[in-house]
Each structure stands twice: as C-alpha cells, then as structure tokens.
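Beneath this line is the structure, given in structure tokens, with notes to follow.
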Amino acid sequence: MKILVVGGGGREHAVIKKLSETKIKPELYAVPGNGGIAKIAECFKDIKATDTEKIVGLTKREKFDMVFVASDDPLSLGLVDEIEKTGVRAFGPSKAAAEIEWSKVFSKNLMKKYNIPTADYASFDSYESAADYIKGDINFPVWLKTDGLALGKGALRAENTDKALNILKYIMLDKTFGDSGNKIVIEEELTGQEITVLAFCDGKTVKPMVSSQDHKRAFDGDEGENTGGMGTFSPSAIYTPEIADWCMNNIYIPTIKAMQKEGRKYKGVIYFGLILTDTGVKVIEYNARFGDPEAQVVLPRLKTDFLDIINAVIDERLDEIEIEWQDNAAVCVILASNGYPGKYKTGFEITGLEEFEKDGEFALYHAGTVIDDNDGKIKTSGGRVLGVTATGKDLPDAIKKVYGVINHVSFEGMFYRRDIGVK
Ligand code: AMP
Ligand code: GLY
C-alpha cells in the first residue's frame, strides 16, 4: 500500500511515523516532507503542499492508494475533492467542510445558528463598517480576526478604540494578511484556560481523542508573541470526564450535525479549540486537521492501529471501531530559531540528532529542517525546527524526561520554553 502525506512540518512527521508503525507497514511518501520525514518516507521536496495540480498528477503517476492531507492550506484549496475525483482514497475534509477553519465568518455564523457556545461577535466586509462599529458603544478588550488563514497570526487583541482601529487598518487597508483580511470578525474577549480536543469524524460519528494543551506564547510564563505553538502536553488535567461529557453533547455532536444539515459532511480530523470560562466551555476556534504541535503528543498515545481508524473514517464506519489510548502522558517541547515568530536565520547545521534515534521513550519530530544537497547534513530551514516528545507514566515524569534529553541537540540560535506542561 502506497500512502502520500501532504505537508512538511512536525505534525506531518508525527502522522508519518504513526503510519510507519501500523501493521500493514505501508510505503510512505511526502510532499514536500522535511529532513526528518526523509528518513522514513520518500519526499518530493520540490512540490509545494499547495500545488494541487502537481499533487494530483503525482498521485496518478505513482499510483498512490491513499492521500492523507494533513495541513490547512491544501485542505482550503480543495485537494481532497480533487484526489477523490481521480478515484483515489483521500483522508481529510472536503473544501466545503474545511471552511469551518478557512473562514472565521463561516464558523462563527455556524455556531450562532446552531447554538454552539462561542464568544459574541460581529463580522464585517468593509473597513468603514468595522471602523464605525469600533467607534460605537462596545466593550474592550476585543479580538480582531482575519476571516481567512493567516499562519496562526490572524487573531489580534485590542484594549481600546485606537488600538482596534490600528489593527483594523493593518488587516483591511494595509492588507498585511492579503485577501485573508477581506472580511473580519470582531469578538469579545474570553478568559480561561485553553484546551485542544481533536476528534476523528466520518460525517456521522465523532470520536474524540485524548485532550491536550498548547503553549502559544514564545517565552516562559506566557510572555512574548503568539506563535504556532511552542510546546504541548497531553492529557489536560482540567479536562475532566464531566467536562468531556458536556462537550460531547453541547459542542462535538452539535457541530457534526450542523455540518450535515448544511450539506457539508465532515470527514477527517476536527480540532476543537476550547476555552474553560467561568460561564462554561466555549469554542475559540475550529481547525480542519490535527494541531501542530498537538499531534506530537496525542498520536504517540494512540494504541489502536492508526490505519484502521483512517480507513473507518473514509468508509464511514467509525461507529464500528473502538479507539484505545495509553494510560500515560506526553510532553512535546519545540526547539525554535532565534527570532521566531518574527524574522530568523536558517541554514545552521543541527547536531546530536543520532542520540535520539536510540531511545523508544522519545520521539524527535522534524519541522523546519532540510537535508542539504551539497553535504548531506541536516540544517535548519524554519522557525519551529524540531519537536522533542517524551512519554512517561504521568505528566511530571514526562516533563522530567523531555528536559533531560533536549540538550543532546543543538544548532545556532536554538531556543525553547522551559515551562512546557507546568501550567
Ligand atoms: P484563533 O486564531 O481564533 O485560534 O486565535 C488564536 C489565539 O488567540 C487563541 O488560541 C487564543 O489564545 C487567542 N484568542 C482568540 N480569540 C480570543 C478571544 N475571543 N478571547 C481570548 N483569547 C482569544
Ligand atoms: N497548535 C495550533 C494549531 O495547530 O493550529
């Protein structure tokens, strides 16, 4: 069986590693992949994850049996629909279903229409109407969000009218996020701890995975800018069985039913970004895929054969399988390039990688790495470079282990948070 995974970050490395451990042991391929993925899958590194036409051509030529679309941009471009048209099996939501992530206006309107708890909001498609709203009688702080995808940077906080007007200009007039900012959502601020719950979904049945929590800020103590995620842990201690039950009945099932009613059958992995407020759990955001770096702590805990679940999703018989998880904990710490999430340099050699390949309790997931064609060495190529995951009997055990091994790896400008899992 030949499987192509589309994407090239730590999440895709975690997906591919898990696929390599299934009983069928499929032949694995990646577009574009990265320096670590290249060890277990053949990478087509010159093809971009967003080049739908080339990926469809490659799928036909290489006769892949399945294409797993793991990252947001190709999902928003309808890659799953295009692969299915060729008769090849695809894992991931259709373009229409993935709109739950690629349009904030769509997802907010969906939640409002179906009474799914979320922050109060208003949406606008012109600078003038949004500016009038901001100058009116509203409570601060508010969050301004681009309608479209913006590499996790499209949500900005404003504590007063001037700041809000500046952000509005930055998004809608300066077009800092391009067409993603053609429409905007302005919403009330919610306070509480954030939890991620990923779930498998086959259009009718939804099966939540174990919970996790992400650390979005760049520095210790939640200081610094928002990033794509600096580290994760699983499970979340605050996500109790009672809360899980409540979310199942009030968020997960209603969301899947809502998508069915809208004629957008949701198949794949759905990401529920939740916040535990004083007045209950609310949805901060949906994503149409595994989180990165949430996948790096959730997938290592999965006991059931990953491919069995993927096939059950595609064939719409998820109700027939039992999904089992290890009764342990996992922590992932991201090693990033100095300057991230702003400007940073790349091309530095990474040393100490071989230390990791020995120990089964650890996984080293590559994100921004490449194999240098000139000298065959693994070099940095992105802001988030590597993710080190350790599993342990409980969270303190996993934390101790992960911080005990990080120093094996190094590259110029490497930085990481020292408090992952502590909250
Ligand atoms: P989003 O792009 O919607 O996922 O937002 C990114 C991050 O911004 C979230 O994970 C939160 O940490 C923060 N955020 C977004 N919206 C709100 C809100 N209404 N209240 C508080 N924090 C928010
Ligand atoms: N870690 C957040 C995300 O994947 O969107």
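Whatever order the structure lists ligands and atoms in, that order sets their numbers, starting from 1. Note that these values count all heavy atoms, side chains included, but never hydrogens, waters or copies made by symmetry. Predicted, not measured: the structure shown is a model, and the values here were computed from it.
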For Lys183, look at atom NZ and say whether over 12 heavy atoms of other residues, nucleotides or ligands are found less than 6.0 Å away.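 No, because the 6.0 Å sphere around NZ of Lys183 holds 12 heavy atoms or fewer from other groups.
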Below 4.0 Å, non-hydrogen atoms only: which portion of Glu285 touches ligand 1? Side chain, backbone, both or neither.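 Answer for Glu285: side chain.
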Under 4.0 Å, heavy-atom basis, I'd like to know which part of Lys216 is in contact with ligand 1: side chain, backbone, both or neither.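 Side chain only.
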May I ask whether Tyr271 has any heavy atom positioned less than 4.0 angstrom from an atom of ligand 2?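 Yes, that is the case, since the closest heavy atom of the residue is under 4.0 Å from the ligand.
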Is Gly291 in contact with ligand 2, taking contact as a heavy-atom separation below 4.0 Å?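 Contact check Gly291 vs ligand 2: positive.
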Under 3.5 Å, N or O to N or O, is [X] touching ligand 2 that way?
X      : value
Arg289 : yes
Arg11  : no
Asn287 : yes
Gly228 : yes

Nearest non-hydrogen atom to atom 11 (C) of ligand 1 belongs to which of Glu187, Glu194, Glu188?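 Residue with the shortest heavy-atom distance to the ligand atom: Glu194.
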Report the C-alpha distance between Ser212 and Glu294 in whole Å, list the side-chain angles of each, state the deciding distance to 0.1 Å, and finish with yes or no for side chain to side chain donor-acceptor pair (under 3.5 Å). CA-CA 7 Å; Ser212 59; Glu294 284 90 342; 5.0 Å; no
Going by the atom numbers of ligand 2, which of them fall below 4.0 Å from some non-hydrogen atom of Asp214?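 Once the distances to Asp214 are compared, the set is 1 (N), 2 (C).
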Glu294 neighbourhood, listing ligand 2 atoms whose heavy-atom distance to it stays under 4.0 Å: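 Counting from 1, the qualifying ligand atoms are 1 (N), 2 (C), 4 (O).
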